[in-house]
Amino acid sequence: MTRLCSERNYPPYGIIPSPPPKGRQMTSGLLSTQWDGPTGEQTFEQLQQRLPALFAGRDAHAPTLVVVPSLSLDSEELRKIKGVIHFEERLLFLTQALRVPDARMLYVTSLPLQETVLDYALGAISSLPTGHARSRLTLLDCADDSSHPLTEKILKDDGLVERILSAIPDRDQAYLVTFNSTPLERALAVRLGIPLYACDPALSPSGTKSGGRQLLRMAGVPVPDGFEDIRDEQGLVKALTELRAQNAGCERAVVKLDESFAGCGNAVFSYAGAPATGLEAWVSANLPERLSFTAQSDTWESYGARLWEMGGIVERFIDTPGACSPSVQLEIDPVRGAQVVSTHEQVLGGAAGQVFVGCTFPAGPAYRTEIQRLALRAGEALAAKGVLGHLSVDFLVEDPVSGQGIHALEINLRMGGATAPFFLLHGAVEGTYAQDTGEYLTPEGEPRCYVATDRAQREGFELLRPEEVVDIALREGLHYSQATRTGVVFYVLGALPGVGKLGMVAIEKSPEKAQRLYDTMLTAAEAACTRRG
């Protein structure tokens with residue numbers, strides 16, 4: 001059973017969920033996936049059966065959250081993102097859970113967090129005494145900056161595992177929170193003897209490009225014309241040929257790797273000059289030359305090898321002038337089921353406009369409630385399969401003014417680039433998300449909007465230190481003010497020195513004001529770099 005609440009006023013991701021409706025039976029709904037870890041004491045399924053009681057009873061017993069912000073994603077795709085290790089800082093928004101006086105948190109990273117970064121993250125949360133929160137937060141790290149997933153590093157370090165176990169006061173009142181979920185996270189949950197609040201890896205095929213399209217169709221959510229499960233060159237040629245035959249006016253197609261993310265595994269195929277007859281032979285002969293890759297490091301040889309290995313999809317490239325790419329965030333917890341968290345517009349970049357670089361909140365008013373409704377359909381279908389945790393559904397809207405031409409593009413069974421910004425807004429403003437309008441309202445009932453990114457890059461940014469950026473915002477009167485409930489909040493600050501990526505959420509009363517605030521902060525930071533010479 002699922003429900004769409006009229007408003008939400010909550011810390012993030014099931015940290016303190018409301019009690020279940022009266023008369024409702026609580027079940028985990030997970031598949032019977034057996035996974036015996038090194039201890040062999042309890043299976044993964046047995047651990048997961050604790051979650052409903054944990055979520056329902058946290059008014060009486062605050063849980064311990066073990067946060068492992070591992071990007072356990074395809075290593076080849078991760079290498080395309082500069083400074084990706086700093087994305088482990090994204091989940092610091094979860095420290096909002098420490099507002100509950102007896103809540104505890106363990107936060108594990110590859111490298112030690114900079115004290116400046118941690119102090120700022122805790123200080124950005126309104127109504128949270130920083131010192132009190134810090135006393136209930138345990139930081140651990142692997143001292144390992146390799147490209148391997150953080151979870152893999154932890155599993156290989158018996159000493160670190162023991163330190164984590166020693167820091168958990170009661171394993172019956174603890175659970176694991178991760179960025180995404182793979183067999184590595186499942187193994188870690190069993191090793192620690194605590195449940196995992198994320199999608200069971202056995203259900204992850206519904207979050208691939210192929211599986212997502214299939215589930216969306218099953219749930220009655222419209223998707224672009226296309227084909228799934230492409231696993232060899234012959235299949236790719238046939239899919240591109242058939243797509244053009246079915247859509248005579250189609251000028252381009254997009255190819256997506258099944259397990260890619262942030263648009264980095266996309267390639268665009270151009271039909272320019274395609275003949276009316278003999279199309280399959282033409283596609284086959286022109287395949288490598290007609291593909292343009294969103295990742296500059298990709299070649300036909302490297303991309304093709306990844307496509308045959310993990311599979312992928314081909315779908316019509318919808319390039320209607322003015323089209324936009326909104327997304328809906330949802331959460332499925334074991335008590336309340338599937339619920340909408342927020343909507344936003346994706347800001348896309350790259351040569352083909354396929355790479356996620358940021359987001360704006362909220363999504364456009366003409367289609368905001370409709371994409372919520374469609375996304376909830378997908379969420380309900382996923383909840384019926386036993387999926388838990390955070391996810392998002394990405395859309396494309398051909399006519400943003402009328403809200404017509406809505407297509408769902410993919411399902412992401414994980415936290416994403418828009419997760420932290422929304423909850424940083426919530427942590428600062430302490431308001432509510434009104435789902436009937438899709439707005440975020442202050443305690444006084446005024447709307448708040450934002451423009452956000454964790455990868456703003458300009459020449460010289462790599463020379464800036466986190467404290468310098470905060471100083472600039474304060475001097476220019478741009479930093480977030482609790483009095484006005486507007487201003488800039490920073491995050492992923494560790495990616496500034498050496499990497500040159502700035503993360504910020506520009507919060508204002510309207511989308512236009514939020515954009516001006518965002519632009520002004522970037523200009524001020526650029527000017528500071530120029531003055532340094």
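Side chains included, hydrogens not; waters and symmetry mates left out as well; all remaining heavy atoms used.
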Provide the closest heavy-atom pair for [X] versus [Y] in the form atom of the first, atom of the second, distance.
X: His132; Y: Pro101; result: CE1-O, 3.7 Å
X: Val223; Y: Arg217; result: CG2-CG, 3.7 Å
X: Ser72; Y: Asn180; result: O-ND2, 2.9 Å
X: Thr178; Y: Met415; result: O-CE, 3.8 Å
X: Thr95; Y: Leu137; result: CG2-CD2, 4.5 Å
X: Gly417; Y: Arg90; result: CA-NH2, 3.8 Å

Please check: side-chain N/O of [X] versus main-chain N/O of [Y], any donor-acceptor pairing under 3.5 Å?
X: Gln435; Y: Val340; result: yes
X: Ser204; Y: Pro201; result: yes
X: Lys385; Y: Leu203; result: no
X: Thr138; Y: Leu106; result: no
X: Ser342; Y: Gln329; result: no
X: Tyr107; Y: Leu92; result: yes
X: Glu370; Y: Tyr367; result: no
X: Asp258; Y: Ser210; result: yes
X: Arg99; Y: Leu128; result: no
X: Gln48; Y: Leu196; result: yes

Side-chain heavy atoms of [X] within contact of [Y], under 4.5 Å:
X: Lys509; Y: Thr486; value: yes
X: Leu150; Y: Leu71; value: no
X: His344; Y: Phe422; value: no
X: Leu216; Y: Val393; value: yes
X: Tyr518; Y: Glu508; value: no
X: Val84; Y: Ser147; value: no
X: Asp141; Y: Leu139; value: no
X: Ile194; Y: Leu47; value: no

How far does [atom1] of [X] sit from [atom2] of [Y], to the nearest 0.5 angstrom?
X: Thr64; Y: Arg136; atom1: OG1; atom2: CZ; value: 10.5 Å
X: Met504; Y: Leu493; atom1: CE; atom2: CG; value: 11.5 Å
X: Tyr491; Y: Leu502; atom1: OH; atom2: CG; value: 9.5 Å
X: Ile164; Y: Leu188; atom1: CD1; atom2: CG; value: 6.0 Å
X: Met310; Y: Leu257; atom1: CE; atom2: CG; value: 5.5 Å
X: Leu382; Y: Leu330; atom1: CG; atom2: CG; value: 8.5 Å

Does the pair Tyr450 and Leu424 meet the rule for a side-chain contact (heavy atoms from CB on, under 4.5 Å), with working shown? CA-CA 10 Å; Tyr450 65 70; Leu424 288 168; over 6 Å; no
His479, NE2: over 12 other non-hydrogen atoms inside 6.0 angstrom: yes
Under the criterion side-chain contact (heavy atoms from CB on, under 4.5 Å), I'd like the reasoning laid out for Val161 against Leu192: C-alpha separation, chi angles, the key distance, then a yes or no. CA-CA 7 Å; Val161 171; Leu192 297 176; 4.1 Å; yes
Any side-chain donor near an acceptor of the partner, [X] and [Y], under 3.5 Å:
X: Glu185; Y: Thr182; answer: yes
X: Gln346; Y: Ser327; answer: no
X: Glu331; Y: Tyr197; answer: yes

May I ask you to check whether Phe55 and Tyr175 place their ring centres under 6.0 Å from each other? yes
Residues [X], [Y]: salt bridge by 4.0 Å N-O rule:
X: Arg191; Y: Asp158; value: yes
X: Asp200; Y: Arg186; value: yes
X: Glu380; Y: Arg377; value: no
X: Arg485; Y: Glu444; value: yes

In terms of ring plane angle, is the pair Tyr433 and Phe361 parallel, tilted or perpendicular, where the classes change at 30° and 60°? tilted
Carefully, step by step, assess Glu88 and Val108 under the rule side-chain contact (heavy atoms from CB on, under 4.5 Å). CA-CA 9 Å; Glu88 293 177 4; Val108 190; over 6 Å; no
Can you list the steps and then say if Val341 with Phe423 is a side-chain contact (heavy atoms from CB on, under 4.5 Å)? CA-CA 10 Å; Val341 172; Phe423 285 106; 3.8 Å; yes
Tell me, with the steps shown, if Glu315 and Arg213 meet salt bridge (Lys or Arg N to Asp or Glu O under 4.0 Å). CA-CA 10 Å; Glu315 63 186 18; Arg213 279 179 56 92; 2.9 Å; yes
